[in-house]
Structures are given as C-alpha cells and as structure tokens.
Amino acid sequence: MTAAHPIDQAWLSTGNTGAKNYDEFPDETEITRIVEANPASMLGVEMPAHTPEAVAAGLTFEQALPAAAERLAALKEAGRFAAFGDVAVAYRISGGEEPVFYGVYCLVDTAEISSAADEPGKVIRNEDVFIEKVKQRNELNQRLRHLLSPVLLLQSTRGDELHAAVEAAIADAGEPVSSDTDESGRAHEIWAIGGEAGEALTALAGDGDLIVADGNHRSLAAQVGELDRFLAVVTTPRSVAIRPYHRLVKGLPGAATQLVEQIGQIGATVTEVDGPPETPAEGGTVVVYGRGRTWEIVFGDTEGSVVDRLDHTRVEQEVFDGLLGWDAGDKRITYVGGDYPASWLAEQVDAGRADLAVLIAPVTVPDFIDVNLQRLKMPRKSTWFVPKARAGLAIAELPKG
C-alpha cells in the first residue's frame, strides 16, 4: 500500500513566488533583503518576522503570524497561485552542476513516519531536531492552514522506476504550469498531473522506503500538529548529490589556537597548513580555520557504528560537547550549507563575525541511504542535499476544521 497521495487542494505558482527554503540561510538578514526586492517571495510568508515591516516593528515570529496569513491571502487574491484539485505535481530541476532532478509533489501519510528502529513506518526520519524550529513550523501550519515547504524524501526502494515515470509524465504533459530560476541558475518546473496518471505516479512514489533528505523539522511539525498528511517532494537517488555542511563558531571562551591545541590533547592529529581553508575532499580529515591560520585535524580511531565514525559526529561530541560543553543546538554554532563556499566561511571569520570555521567533507548518498535503512540517526545538519526543492512553487491547503 502506498504512503503517498495526490494533493486534494493544491495551489501552484503562476510565477515569482519561488524561494529558498526558510532554513537555508546562515545569515537571516538575507531573507529581509530578498523579501524587500520581491514581496511575492514565499519567504515573506514562511519567515514573517523577517519581512522589512516586521523587522522595523521589532515583531517576534508569533507576533508576525497574522501578517503571514494576510500576505498569503493577498498572493492568492492577486493570482500568484492557481487552484488545482486532486493532482500530483511532477517536478523537474535542470541546468545545475548536478544531474537532472525528477520528483513529485504529493501528500504523504504522517502515520508512516518512523524515527526509531522499533517504530514501524515507510518514512524514515534520521536526524535530531531543534525543538524551537518545530514549534514555529507547527504554529505556521495551524495559523495558515496551508503547507508551504515540502519535505524532500528519497525513494530508496523503487527510485529508478520513479525517475523514469516522472520523466515520462513530463514528456506527455506539455508546457509546465510554472517555471522558476533559482540563485544558482537552475530551472525549477512543475506540471499538474491529474486523474489516473496522477494516482499512478503517487502510488509509485509512496511504494517502499522513503528517507527524509531534507525537512526533518517539517515532518515532525506535522506529527506535533496531528496532521493526517504532510506535503512532500518524493525524488530519486539519481536526482541528488550531497554537498558539505560546515559550522561557524562564535563566542569561544578563549582563542581559536587554544581550542585547536586542546583538540590535539584529546588524541587528534593536528597539522597546520599554509593557505586559506578548503573543504576536505573525503571524510577522515576536518579543516579548522581561525583568522589567518588553517589546521587539518584527524581524529583518532573510534569503535561503534558508521554514524559514530562520521566527522560530523566527532566534531559534535568531542569538540562542541567534550571541550566546549555546548549542545549541538547552541546558538553560538551556525550551520552553513554547501551553497556557501569555503572562502565565504573564511570571510566571516576574518571579518570578526565568527571565531572559527569548521569544514567537513560531505557524506556520500550511498552511505546516507545505508545509515537510514539500518535505522541509525545522522548527526544534526550533516547532509546538504542539492538541488533542493524550492519553496513557493506548490502549496497544499489543509482541510478546514
């Protein structure tokens, strides 16, 4: 039995509403600039406290929620979205460095979410979350009664079949309902697929293990809000790649050199290298940068699962927790996805906006799938999937009540 279904009441963009997802910004002031330049951007609805007017008024997220509802209603009234009933939404992303992405927007049964080995379900959630983010996503869902950003799910059982099916559906569907170009020049296109074709597409998308690649907070918000279904894009392993997920650290109790020295004292091999920091080509070496100085760090051998041996885990457990006494959710740690190059992180440190940059090699897609099928849990913010499903292209209206 499938876990995926057509969208009962879909609103598909007619143009200019597309945006990065709300959690793709290490510097949230960028959200304000984007909304100021394009008031139709879905970021104005998803992150209402970061609109220019909310920032000027000093509003909190909760205080800005009524304005989010008003902004969404105004976008629909202005014809920025067109209504479609009972459709799967075929989705193609092309023009980037990655392979062509094929996926399908649909609704997925919340009851199928599994976050532990002893919890049954087809949807495998794999990371710890930040509870405050979950709370905000739930509040937004409840206030707007619309789901704005999809959870990105990897179809790990029938991925090749789904890839071919979406490609074929697009070939038969004619012109897209909407097309949007992202900041990296990728074209995001969507097609409404109704009737038996839409049913067949979602039946295939939801048949087998679905791994959360992006949207752990959004999927948990659906559970917290007791929603029967959540909005997802189901895609295929062939459609995605994983880029690095780095860390910026601010508020060290001492100098960066002092922390690096302490890392050496806990058994890691520390080597200072010339030149600016670069992302490690493969796992096993972590690069640390502290205002003009670059070090390569190799942690000692450790027993345990493949997750225990991940560089992200070693940094979280041995540096943040062990040496600094910080939880991974500490506000002094900023998680920076792979759309931001190593040079950007170095600039943040050199400008004094951070004390330290930690650069970590990306996890491979096969390793990510293997970890999840074993029902193990990834460290927080350890996989930056590209290309990302874009917010504001397809949204789902929740039933009234």
- [ ] Could you grab the distance from atom CG of Leu147 to atom CG of Leu398, nearest 0.5 Å is fine?
- [x] 4.0 Å
Task: Residue pair Asp27 / Tyr340, side-chain donor-acceptor N/O under 3.5 Å - done: no
Task: Short side-chain to backbone donor-acceptor contact, Thr279 and Ala361, under 3.5 Å - done: no
Task: Glu183 CD: over 12 foreign heavy atoms closer than 6.0 Å - done: yes
Open item on the list: Less than 4.5 Å apart, side chain to side chain, heavy atoms only: is that true for Met47 and Glu28?
Closed with: yes
Task: Taking every non-hydrogen atom, the tightest pair across Val287 and Pro277 - done: CG1-CB, 3.9 Å
Open item on the list: Between Lys381 (side chain only) and Gly337 (backbone N and O only), is there a donor and an acceptor less than 3.5 Å apart?
Closed with: no
TODO: Please answer whether the main-chain N or O of Gly254 pairs with a side-chain N or O of Gln258 as donor and acceptor at a distance below 3.5 Å.
DONE: no
With a cut-off of 3.5 Å and sequence neighbours excluded, list every side-chain donor-acceptor pair involving residues 314-324.
| unit_1 | atom_1 | unit_2 | atom_2 | d |
| --- | --- | --- | --- | --- |
| Arg314 | NE | Glu318 | OE2 | 2.4 |
| Arg314 | NH1 | Gly300 | O | 2.9 |
| Arg314 | NH2 | Gly300 | O | 2.8 |
| Arg314 | NH2 | Glu318 | OE2 | 2.8 |

Open item on the list: Could you tell me if Asn21 and Ser149 have a donor-acceptor pair between their side chains, going purely by distance under 3.5 Å?
Closed with: yes
- [ ] Starting at CZ of Arg229, measure out to CD1 of Ile7 and round the result to the nearest 0.5 Å.
- [x] 11.0 Å
Open item on the list: Salt bridge or not between Arg71 and Glu53? Use side-chain N to carboxylate O under 4.0 Å.
Closed with: yes
- [ ] Would you check if the side chain of Gln155 reaches a backbone N or O of Thr157 as a donor-acceptor pair within less than 3.5 Å?
- [x] yes
Task: Euclidean distance, Tyr245 OH relative to Met378 CE, rounded to 0.5 Å - done: 12.0 Å
TODO: Mark yes or no for whether Thr302, through its side chain, and Arg309, through its backbone, hold a donor-acceptor pair below 3.5 Å.
DONE: no
TODO: Look at atom CD of Gln142 and say whether more than 12 heavy atoms of other residues, nucleotides or ligands are closer to it than 6.0 Å.
DONE: yes
TODO: Measure from the side-chain N and O atoms of His50 to the backbone N and O of Thr29, and report whether any donor-acceptor pair falls under 3.5 Å.
DONE: no
- [ ] Tell me yes or no: between the side chains of Arg125 and Ser219, is some donor less than 3.5 Å from an acceptor?
- [x] yes
Open item on the list: Can you tell me how far apart CD1 (Ile190) and OG (Ser13) are? Round to the nearest 0.5 Å.
Closed with: 6.5 Å
Open item on the list: Within 45 degrees of the ring normal and closer than 6.0 Å to the centroid, is that where the cationic atom of Arg137 sits relative to Tyr22?
Closed with: yes
Open item on the list: Show me the pairs that pass ring pair (Phe, Tyr, Trp, His ring centres under 6.0 Å) and involve residues 67-105, at least two apart or across chains.
Closed with: Tyr91-Phe101, Tyr91-Tyr105, Tyr91-His188, Tyr102-His163
TODO: Indicate the atoms forming the closest heavy-atom contact of Val365 with Ala241, along with that distance.
DONE: CG2-CA, 4.2 Å
Open item on the list: Test of understanding: with side-chain hydrogen bond (donor to acceptor under 3.5 Å, both in side chains), list the residues that count as partners of Glu62, not counting sequence neighbours.
Closed with: Lys135
- [ ] Please tell me if the side chains of Arg380 and Phe130 come closer than 4.5 Å, counting only heavy atoms from C-beta onward.
- [x] yes
Task: Cation-pi, Trp384 ring and Lys388 (6.0 angstrom, 45 degrees) - done: yes
Task: His5 versus Asp109, side-chain donor and acceptor atoms under 3.5 Å - done: yes
Open item on the list: If the test is side-chain contact (heavy atoms from CB on, under 4.5 Å), which one of Asp367, Val240, Thr364, Ile242 qualifies with Thr383?
Closed with: Ile242
Open item on the list: Side chains of Ser41 and Asn38 only: does a donor on one sit below 3.5 Å from an acceptor on the other?
Closed with: no
TODO: Grab the two heavy atoms, one from Arg243 and one from Gly338, that are nearest each other, plus how far apart they are.
DONE: CD-O, 3.8 Å
Open item on the list: Nearest 0.5 angstrom please: Leu65 CG to Gln136 CD, how far?
Closed with: 8.5 Å
- [ ] Answer yes or no: is there an ion pair linking Lys250 with Asp355, defined by an N-O contact shorter than 4.0 Å?
- [x] no
Task: Residue pair Thr32 / Glu36, side-chain donor-acceptor N/O under 3.5 Å - done: no
Open item on the list: Treating Gln348 as the side-chain partner and Leu345 as the backbone partner, does any N or O pair qualify as donor plus acceptor under 3.5 Å?
Closed with: no
- [ ] Could you tell me which non-hydrogen atom of Ala192 sits nearest to which non-hydrogen atom of Val177, and how far apart they are?
- [x] N-CG2, 3.8 Å
Task: Within-4.5 Å side-chain heavy-atom neighbours: Asp350 and Arg291 - done: yes
Task: Separation between CD1 of Ile395 and CD of Gln9, rounded to the nearest 0.5 Å - done: 10.0 Å
Task: Electrostatic pair Glu98-Arg186, nearest N-O below 4.0 angstrom - done: yes
Task: Shortest non-hydrogen separation from Asn141 to Ala221 and the atoms involved - done: ND2-CB, 4.2 Å
Task: Under 3.5 Å: donor-acceptor pair, side chain of Thr313, backbone of Pro379 - done: no
Task: N/O donor-acceptor pair under 3.5 Å between Ser179 side chain and Glu189 backbone - done: no
Open item on the list: Taking atom CG as the centre, does Asp228 end up with more than 12 heavy-atom neighbours from other residues, nucleotides or ligands that are less than 6.0 angstrom away?
Closed with: no
Task: Test applied, side-chain contact (heavy atoms from CB on, under 4.5 Å); reference residue, Ile124; option that passes from Asn372, Leu376, Leu153 - done: Asn372
Open item on the list: By the definition side-chain hydrogen bond (donor to acceptor under 3.5 Å, both in side chains), identify the one residue from Asp180, Asp182, Thr181 that meets it with Arg390.
Closed with: Asp180
Open item on the list: So which atom in Ala173 and which in Ile193 form the shortest heavy-atom distance, rounded to 0.1 Å?
Closed with: CB-CD1, 3.9 Å
Open item on the list: Any heavy-atom pair between the side chains of Val100 and Ser94 that's under 4.5 Å?
Closed with: yes
Task: Check: Ile297 main-chain N/O paired with Thr285 side-chain donor or acceptor under 3.5 Å - done: no
